[in-house]
Structures are given as C-alpha cells and as structure tokens.
There are 4 protein chains.
Amino acid sequence: MPKNPKSRGGRTAGGPRATARTAAKPAAARPAAAAPTGTLPSERRDHLVSLSAELFAEKGFRATTVREIADAAGILSGSLYHHFSSKESIADEILSKFLNEVLTDYRAALASGGTPREVLETIARTGFSSLERHRAAIMMLQNDWNYFREQPRFDYLQKTLAEVERIWIGELKRGVKDGTFRADLDAKLTYRLFRDTIWVAVRWYRPGGRLSTKQLADQFSRILFEGVIA
Amino acid sequence: MPKNPKSRGGRTAGGPRATARTAAKPAAARPAAAAPTGTLPSERRDHLVSLSAELFAEKGFRATTVREIADAAGILSGSLYHHFSSKESIADEILSKFLNEVLTDYRAALASGGTPREVLETIARTGFSSLERHRAAIMMLQNDWNYFREQPRFDYLQKTLAEVERIWIGELKRGVKDGTFRADLDAKLTYRLFRDTIWVAVRWYRPGGRLSTKQLADQFSRILFEGVIA
Amino acid sequence: MPKNPKSRGGRTAGGPRATARTAAKPAAARPAAAAPTGTLPSERRDHLVSLSAELFAEKGFRATTVREIADAAGILSGSLYHHFSSKESIADEILSKFLNEVLTDYRAALASGGTPREVLETIARTGFSSLERHRAAIMMLQNDWNYFREQPRFDYLQKTLAEVERIWIGELKRGVKDGTFRADLDAKLTYRLFRDTIWVAVRWYRPGGRLSTKQLADQFSRILFEGVIA
Amino acid sequence: MPKNPKSRGGRTAGGPRATARTAAKPAAARPAAAAPTGTLPSERRDHLVSLSAELFAEKGFRATTVREIADAAGILSGSLYHHFSSKESIADEILSKFLNEVLTDYRAALASGGTPREVLETIARTGFSSLERHRAAIMMLQNDWNYFREQPRFDYLQKTLAEVERIWIGELKRGVKDGTFRADLDAKLTYRLFRDTIWVAVRWYRPGGRLSTKQLADQFSRILFEGVIA
DNA sequence: AATGAATGAGGCTTCATTCAT
DNA sequence: TATGAATGAAGCCTCATTCAT
C-alpha cells in the first residue's frame with residue numbers, strides 16, 4: 001500500500017546530486033538511466049520523456065507546447081499530468097540525466113591521471129559523443145538557457161556548469177604551467193571556446209550524417225589543439 | 001500575424017537588398033539614449049528599435065513581450081503599433097541591418113585580394129567586432145533561429161547565411177589548395193567551427209568587460225589558426 | 001457527475017429517511033483508525049468516509065480533491081470509485097447521517113413535553129454537542145451550502161432545515177405567548193441567531209480544546225437566554 | 001509619460017495599512033474608496049469590481065469563474081486581465097476596502113471614550129450596517145476563509161481580525177471589571193458569539209427585505225446584551 | 001502619437017471520473 | 001479491490017494585435 005502512490009513527476013529537488021555511481025565509465029547504453037529518486041521508471045513514462053526530448057530538441061523547450069507532446073503520444077494534453085507534474089519536470093528529467101553524466105565523465109577523465117592534453121582530449125571526445133544521446137539536453141541548454149537560468153528549480157544547471165568550468169580551467173592552467181600549452185593562453189577564454197565549440201555543434205550535427213561523432217571529434221580536436229595552419 | 005498587414009513605417013518585406021551603404025556605419029552606437037522629447041519621428045522610431053534590441057538580446061525575441069518593450073519606452077503596448085506593424089517587423093529591422101553589414105564586410109574582405117588566411121582573419125575580426133554593435137541580432141539568430149527559419153518573411157536570413165558559408169568554404173579550400181591550411185581539413189566542418197566560435201561568444205561577451213573584442217579576436221584567431229599547443 | 005450513475009455501495013438517493021436510530025450513538029467517534037488490513041468491506045468503507053469527513057471539515061468539500069482522500073487512504077484516486085459512485089455520494093453519507101440525527105434530536109426534545117425554554121435549551125445543547133461528532137457535516141453545510149443547495153440530490157438538506165426552523169419558531173412563539181420570552185421578540189430573527197450561533201462555532205471549536213461542548217453550551221445558553229448584562 | 005503605465009491590479013501589498021484617514025467617521029458614501037496606491041480608479045474598473053463582488057457574494061470566490069465575471073461584464077475573460085492582474089487581486093480590492101473600514105470604525109468607537117457597553121454596541125451596530133455595503137467581503141471571508149488564510153498575499157486579513165479580537169476582548173474585560181457585564185463571562189467566547197452573530201447574518205440578510213439593518217441591530221443587540229428572557 | 005479597452009487564440013494545469021487489466 | 005492510464009471539461013492566465021477616441 002503505497003503511502004504516496006503518485007509522486008507525479010518524481011524527482012523533486014532535481015539535478016546532479018552525488019548519484020552513487022562507481023568510477024567505471026558507464027557512459028554508453030544506459031537505456032533508462034539511474035532512476036531518479038522515487039520514480040518508478042515505467043516504460044510509458046520513459047517513452048513520453050523521449051518524445052518530449054525530441055520535440056524540445058527540434059523546436060526548443062518553450063516553443064514546444066504540452067499539446068504537441070500529447071499529440072505525439074496520442075493522448076490528451078491533460079493526460080500528461082498523470083505522469084509528470086509539469087512541463088518543467090520533463091525538462092528536469094532530461095537535463096539532469098545529461099548533467100549527471102557530464103559530471104561523471106569529467107570526474108572520470110580527471111581521475112584517469114593523464115596529462116592535461118590527455119584529460120582535455122578525453123573530455124572533448126566524450127562531449128562530442130554525447131551529442132547523439134543528449135541532443136535534446138544540449139539543445140535546451142542553449143536555446144532556453146535564459147528560461148532555465150532564472151528558475152530556482154534549475155539551479156543545479158549553473159552549479160554543474162561551474163564545476164565543468166573549474167575542471168577545464170584547472171587543466172588548461174596545468175597545461176600552461178608544464179609547457180604543454182602556449183604561455184599566452186587565456187584559460188577562461190579558451191575554456192569557452194572549447195565548450196561552445198563542442199556543444200554548439202548540436203545545432204547542425206545529425207546522427208547518421210556524413211560524419212560520425214568520432215570523426216567530428218578528431219577534426220575538431222586537431223584544429224583546436226594544433227590549429228588549422230599546415 | 002496582422003490581419004491587415006499595414007506597412008506603416010519603413011521597411012516592409014525586410015532583408016538585405018543592396019542597400020547602398022558606404023563603409024561608414026550610419027545609425028549605430030546610440031546605446032540607450034535617454035527618453036527623447038521633441039525628437040524627430042525617425043529618431044523616436046530608432047529609439048524604440050534600440051530598446052527592443054536590448055530586450056531581445058537579453059531575453060530572446062520570443063521571450064520578450066511587446067509590453068516589455070512598451071514599458072521600457074514608457075508607453076502602452078498598443079502604441080507600439082503606430083511605429084511598427086508587428087513585433088516581427090522590429091526583429092526584421094534589427095536582423096536585416098546586421099545581415100546587410102555582414103554581407104558588406106565579407107564582400108569587402110574578399111575584394112581586398114589578400115591570401116586566404118588574410119581574408120579569413122579579416123572576416124573573423126569583423127565578426128568579433130560586430131559582437132558589440134549587433135549583439136541583439138546575433139543573439140536572436142541563435143536563440144530564435146527555429147522561429148525565424150520557418151517564416152517566409154525571414155527567408156533572407158538563410159540566403160545570406162548561405163552566401164556567408166560559400167565565402168568561407170571558398171577561402172578555406174583555396175587555402176588548402178595553396179598549402180596554407182592542412183590538407184586534411186574538412187572545409188564545411190571548419191567553417192562551422194569558426195562561425196559558431198565567433199557568434200556563440202555573444203552569449204557571454206559583455207562590452208566593457210575584461211577583454212575588448214580586439215583581444216578576443218586575437219586570442220581566438222591564434223587558437224583557431226595555430227592551435228593551443230606550444 | 002457520473003455518466004452512468006451506479007449505486008455501488010450503500011445509500012443511493014441519500015437523505016434522512018426515518019432511519020430507526022436508538023439514542024445510543026452508533027458509528028461515531030472513530031477518530032482516525034490506523035489503516036485497517038483484513039477489515040470487513042463495510043469497515044473499509046466507513047474508514048474512507050471518516051477520512052473524507054476529516055478532509056472536508058478541514059478544507060471544505062469542493063476544495064478537497066478525490067486524490068487527497070485517496071492519498072490519505074493510501075490508494076489511488078480511481079480506486080475510490082469501487083466504494084463510492086461519486087464524490088457527492090461521500091458527502092451525502094456524511095450529511096444525511098447528521099441531518100437524520102438532528103431531526104431525531106429535535107423530535108425527541110419536542111416529545112419530551114417541557115416548557116419552551118426547556119425544549120429550546122435541550123435542542124441548543126444537543127446542537128453544541130454535535131459539534132464534535134458532526135464537525136464535517138456542519139462545516140460542509142456552511143462552506144459549501146451554495147453548492148449543495150443547487151443539486152436535486154441534496155434537496156433533503158433544505159427540507160430538514162425547514163423542519164428545524166418550524167420547530168424553533170414554534171417553540172419561540174409558544175414561549176412568547178406564555179410570557180417566557182420577551183413580547184417583542186422577532187421569532188424568525190431569533191431562530192436564526194440561535195441556529196447560526198451554534199453551528200458557526202464549528203469554525204473555531206476544536207475538540208479537546210480549552211472548553212468542552214458542555215461548557216460552550218452553558219456559556220452560550222446563558223448569554224442567549226439571559227443576556228450579557230449583569 | 002508614465003513610467004509604469006499599467007500597474008495592472010494596482011494594490012500590490014494589499015491590506016489595511018495605516019491609511020491616513022482622519023478620526024471622523026467617514027464610513028458611508030466613499031464611492032471609490034481611498035484609491036489604493038498607484039491605482040487610478042477608473043470607472044470601468046470599479047464597475048468590474050462591483051460585478052465581481054456580486055458574483056463572489058452569490059457563489060463564493062472560488063466557485064466564481066473569471067469567465068462568469070467577464071460574461072457579466074460583456075467582455076471576454078482574457079480582457080479582465082487588462083484591469084486586474086489576477087482573480088485574487090479583485091478579491092484583494094474588495095476585502096481590503098472592507099477591512100480598512102472595519103478598522104477605522106473600531107478605532108473610532110474606541111476613541112469615542114464611551115462605556116464598554118456603548119463602545120461594543122456602536123461596534124455591533126456599525127457591523128450590522130456594513131452588511132449592506134460589504135456583503136461580498138463578509139461572505140467571502142466566511143465561505144472562502146480556508147482559501148485566503150493560506151495565501152501570504154492575504155495575511156492582512158488575519159492581522160486585522162486579530163486587532164478586532166483585541167478590541168472586543170479588551171472592552172468585554174473592561175465591562176466585566178466595572179460590573180457592567182456578568183462576572184462569569186468568558187471574554188473570548190463572548191467575542192466570538194458577537195462577531196459570528198453579526199457576520200453570519202450576511203448569509204440570509206437581504207437589503208430591502210423585511211427588516212432594515214437598524215432593526216436587525218436593535219433586535220440582536222437586545223438579545224445579546226439582555227437575553228431573550230422576559 | 002498616444003490611450004484605454006478589448007479580442008481571440010492559445011498556453012499550462014486541475015480534477016472528477018472511467019475502464020481494461 | 002486495486003492499479004495505471006486515460007478522458008474531457010473546465011479553470012486561470014498571456015499575449016500580439018486592433019481600434020475608437
């Protein structure tokens with residue numbers, strides 16, 4: 001007899017919180033992802049999140065109406081609220097899944113003990129490879145950042161991004177100190193260049209297109225690390 | 001969409017049509033002009049456009065309501081329609097001004113007859129320098145691209161962007177052929193990397209901040225052309 | 001309103017029909033009984049009614065959602081419909097039980113053959129004492145009267161209240177005639193004053209508080225019958 | 001040039017705040033009442049508040065839909081938001097007007113320096129006389145108390161009611177001490193009896209009915225102060 | 001040029017109820 | 001008896017736009 005049989009929307013506090021996950025990089029196929037606290041990951045629900053993600057990626061979060069999501073699922077818009085407490089909670093689910101993974105990936109790369117260039121290249125590569133699995137999240141972070149930024153519920157976005165920045169800048173500075181990178185490198189600027197370069201690619205990257213994410217990563221890494229000059 | 005699309009005010013159909021513009025930037029940099037009294041009609045109008053641009057840059061085009069614009073101008077939202085036929089027409093004004101300038105700059109760079117690296121560096125630099133003057137336009141192009149893309153009225157955006165791409169790719173290929181650039185460069189990918197790198201900076205670049213657009217351009221150009229490796 | 005009004009469970013049409021009730025109060029005071037397992041069907045049902053009553057008393061009938069009731073019972077809202085045909089039918093059960101008792105009490109008082117003051121004081125005292133057992137019903141009658149009043153299903157409310165009024169006014173007039181009460185008493189007004197005084201107390205009266213219903217009845221009876229003047 | 005031409009809804013903080021009003025009792029005809037801060041009391045707006053008040057009085061605040069209000073006004077429901085920022089803000093306007101007046105009346109009665117009985121009788125009489133002008137507010141306070149109580153916006157309701165209680169209890173105790181009232185009077189209980197008696201009358205009192213509020217006040221005052229016994 | 005009032009379409013959300021399993 | 005999923009009607013509110021004055 002469930003005391004709270006309908007924890008509509010599931011995750012309440014949202015965001016990447018020390019999800020006890022082993023160091024082993026489990027980045028790939030995790031079909032339904034570590035079920036957020038208190039959420040019984042029903043297949044129906046997961047399906048709805050998927051559909052929503054696709055729409056959010058295509059049109060943006062704000063520009064997507066709950067009616068469109070419901071239409072895509074073949075139900076009435078009100079019925080969505082049987083599964084989620086709000087449109088935001090769907091976004092939350094999509095975004096926190098991504099950010100959790102980002103954090104895990106970054107920390108694993110750091111923990112690997114490589115050189116700055118190795119660490120950053122690993123990070124960059126996992127970044128590119130997430131373009132496929134987390135297209136919607138990355139898209140939303142870019143298109144609707146203004147919206148999410150202002151909602152307390154999504155504070156974790158900024159917190160996670162701050163840690164991401166810390167890691168990048170740390171490695172960049174380490175690389176400058178040990179002579180790997182140019183001495184005149186502005187760490188913050190370079191971080192932004194890399195981060196944006198990777199994530200903005202979500203705008204035009206299409207899975208199954210001319211280039212795989214691996215090829216993408218190769219080309220971009222080479223340019224960013226070694227420049228375009230022959 | 002206006003039922004009775006009046007063409008009150010200036011440009012109706014919008015878009016970069018050979019607007020004979022000399023190199024001197026005409027109407028630009030009038031940052032936030034205090035509420036004008038007894039101003040010329042066109043000055044009032046320009047003021048409104050510039051207020052709108054600021055809001056669009058800060059919150060996005062769709063996310064900005066006409067009431068917010070009107071509030072900023074100290075009038076009622078309905079009164080805006082004495083100056084513009086629609087919210088879109090304000091966007092149009094902002095976007096087409098920018099795209100006209102882009103085209104002019106690109107063509108001028110091409111016409112200069114420099115080496116591929118010189119041409120592209122010039123283009124990149126003018127791109128960075130436009131972050132200040134055209135912050136709103138660049139922001140809108142990124143945040144609300146999905147919206148503008150689908151409206152026939154804004155077809156010119158895609159046309160202009162296509163020409164921009166043609167120029168970049170042309171120069172990149174020329175540079176590969178003459179040995180300036182790496183032989184393994186994917187021209188399209190590289191073009192996107194450069195373009196996005198420049199324009200996405202609008203997200204965090206703030207005029208009057210730590211770095212001038214010139215310093216920005218220096219750092220970025222160096223990384224993109226020569227890489228981060230020492 | 002149910003499309004197919006089933007009469008699942010007990011009373012269908014509701015209302016105080018000579019339910020032969022002895023003086024002993026039968027089903028009362030079962031404050032909040034821990035979730036019963038292996039209970040008889042009717043006990044389960046009674047439990048649900050009593051949970052509902054508590055919620056109705058606290059928040060009002062309309063303001064209480066079936067989900068809140070279901071949550072309190074540890075089931076899903078849809079499951080309630082195995083016990084009751086509608087939310088109204090729960091209200092019906094609560095209200096008719098109360099009104100039946102009121103009628104019984106009033107008639108018993110009348111039948112006792114006392115003086116007008118004795119009859120009315122008895123009635124007033126049973127009124128106060130019902131504040132505990134019928135808190136929900138009295139609350140609903142006040143907060144949601146507008147709602148119940150308009151539903152044919154609850155016509156019995158008005159009928160019962162009309163009889164209550166008849167009895168009060170009858171005794172008041174009898175008391176005026178025999179010189180017990182002031183000659184200038186407006187019977188209808190006085191009836192309303194007494195009735196409201198008693199029932200409105202449900203708003204602030206809390207069982208187990210500073211005063212028992214008996215003390216309440218003593219104070220109020222004294223004021224109403226004898227005034228506050230020393 | 002108004003900086004904030006549309007302070008939709010006007011009163012922001014709501015409630016009876018030391019509205020600089022002279023001691024002179026100006027209770028009666030104050031057509032548009034001390035214009036809440038920043039509200040230009042347009043006639044249209046006042047009319048809409050009136051219409052709303054009538055509906056709120058008849059059906060309750062929650063039970064009245066914005067559509068009903070709009071229908072009554074012959075406009076679309078969305079158009080209401082040109083005048084008010086929310087349904088609550090209409091309630092706020094109605095309630096705070098009433099509570100402001102209550103406070104003024106109570107303080108004036110206190111300031112008159114009469115005996116406890118005189119003060120309380122004055123208060124009671126102004127209470128009855130407000131049944132006409134403030135029917136909606138009193139009704140809402142009773143029917144939708146549960147709703148308003150929980151909204152921070154309406155905190156002032158509880159504050160005002162607390163002061164009302166303080167005044168009543170003060171006078172009652174003063175009257176007990178000086179021998180005017182019975183020694184065994186429970187001040188709090190008596191206060192409630194009086195308060196409820198007056199305000200609950202709004203349920204059945206109809207202006208223009210058999211009795212004027214003055215007659216009502218006479219009858220009730222006599223009963224409450226002197227009892228019903230001859 | 002503006003105001004003040006309104007429109008009409010659409011957005012998110014709630015809720016009593018139904019029903020197959 | 002429950003669950004899980006859905007319905008359908010309705011509720012409050014937003015917003016670009018129109019228009020008489």
Side-chain angles (χ1 to χ4, degrees), chain A residues 1-2 5-6 8 40 42 44-45 48 62-70 73-88, chain B residues 1-6 8 41 44-45 62-70 73-88, chain C residues 1-6 8 41 44-45 62-70 73-88, chain D residues 1-2 5-6 8 40 42 44-45 48 62-70 73-88:
Chain A
M1 236 173 295
K6 279 258 84 88
R8 291 152 101 221
L40 23 158
S42 85
R44 187 81 182 101
R45 187 189 164 87
L48 292 171
R62 266 120 123 201
T64 302
T65 70
V66 293
R67 209 119 60 198
E68 285 167 331
I69 299 173
I75 58 178
L76 291 180
S77 66
S79 304
L80 276 178
Y81 290 78
H82 177 64
H83 302 277
F84 308 97
S85 61
S86 67
K87 196 183 154 191
E88 268 84 18
Chain B
M1 252 169 292
K3 259 189 185 132
N4 178 20
K6 331 172 204 175
R8 255 171 315 186
R44 183 91 180 97
R45 186 190 163 82
R62 267 119 123 200
T64 301
T65 69
V66 292
R67 193 156 61 216
E68 284 167 331
I69 299 172
I75 58 178
L76 291 181
S77 63
S79 306
L80 277 178
Y81 290 79
H82 286 288
H83 302 277
F84 308 97
S85 62
S86 69
K87 196 182 156 193
E88 268 82 19
Chain C
M1 255 172 289
K3 259 192 185 131
N4 177 20
K6 328 173 207 173
R8 258 169 313 186
R44 183 92 179 96
R45 188 189 161 83
R62 265 119 122 201
T64 302
T65 68
V66 292
R67 195 157 59 216
E68 284 167 332
I69 300 172
I75 58 177
L76 291 182
S77 63
S79 306
L80 275 178
Y81 290 78
H82 286 287
H83 302 277
F84 308 97
S85 62
S86 70
K87 196 182 155 192
E88 268 83 18
Chain D
M1 240 174 290
K6 276 259 84 85
R8 293 152 98 221
L40 23 158
S42 84
R44 187 79 182 102
R45 186 189 165 87
L48 291 172
R62 265 121 124 200
T64 302
T65 69
V66 292
R67 208 118 62 198
E68 285 167 332
I69 299 173
I75 57 177
L76 290 180
S77 67
S79 305
L80 276 178
Y81 291 80
H82 177 64
H83 303 277
F84 307 98
S85 61
S86 66
K87 196 183 151 190
E88 267 83 20

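Throughout, a chain's letter reflects where its sequence line sits, starting with A, and its residues are numbered from 1.
An OP1 or OP2 oxygen of F:dA2 is reached within less than 4.0 angstrom by a side-chain nitrogen or oxygen of C:Arg44. Between C:Arg67 and E:dT14, a side-chain N or O to OP1/OP2 separation shorter than 4.0 Å is absent. Not one side-chain nitrogen or oxygen of D:Tyr81 sits closer than 4.0 Å to the OP1 or OP2 atom of F:dT14. Phosphate proximity of F:dA6 to A:His83: present, with a side-chain N or O under 4.0 Å from OP1 or OP2. Dashed line: the shortest gap from a side-chain N or O of D:Arg45 to OP1 or OP2 of E:dG4 is not under 4.0 Å.
Comparing D:Leu48 and A:Glu68, the nucleotide of DNA chain E nearest to each residue sits closer to the 5' end for D:Leu48. Both B:Leu80 and C:Arg62 sit near DNA chain E, but only B:Leu80 has its closest nucleotide nearer the 5' end. Nearer the 5' end of DNA chain F, as judged by each residue's closest nucleotide, is the contact made by D:Thr65, out of B:Ala63 and D:Thr65.
When both pairing distances are held under 3.5 Å, E:dT21 makes a Watson-Crick or G-U pair with F:dA2. Searching all strands for a Watson-Crick or G-U wobble partner of E:dG8 with both distances below 3.5 Å returns F:dC15. Remark: E:dA1 base-pairs with no nucleotide; criterion is Watson-Crick or G-U wobble with both hydrogen-bond distances under 3.5 Å.
Using a 4.0 Å heavy-atom cutoff across all strands shown, C:Ser79 reaches at least one base atom of the nucleic acid.
Put simply, NE2 on D:His83 and CD1 on D:Ile75 are 5.5 Å apart, with the number rounded to the nearest 0.5 Å.
The shortest non-hydrogen separation linking C:Thr64 to C:Lys87 is O-NZ, 2.8 Å. When every heavy atom of A:Leu80 is checked against every heavy atom of A:Val66, the shortest pair comes out as CD1-O, 3.6 Å. C:Ala70 and C:Leu76 make their closest contact through CB-C, 3.6 Å (heavy atoms, listed as atom of the first residue, atom of the second, distance). The minimum heavy-atom distance linking C:Ala63 with C:Glu68 is given by the pair O-OE1, 3.7 Å.
If you take NE2 of D:His82 and C1' of F:dC15, they are 14 Å apart, rounded to a whole angstrom. One interatomic measurement links the two molecules: CZ of A:Phe84 to C1' of F:dG4, which rounds to 14 Å at whole-angstrom precision. A straight line from CD1 of A:Ile75 to P of F:dA5 spans 10 Å, rounded to a whole angstrom. Note: CG (D:Leu76) to P (F:dG11) measures 15 Å, nearest angstrom. Between the NZ atom of C:Lys87 and the P atom of E:dT18 there is a distance of 14 Å, rounded to whole Å.
Among the nucleotides E:dC15, F:dT7, F:dC13, the one closest to any side-chain atom of D:Val66 is F:dC13.
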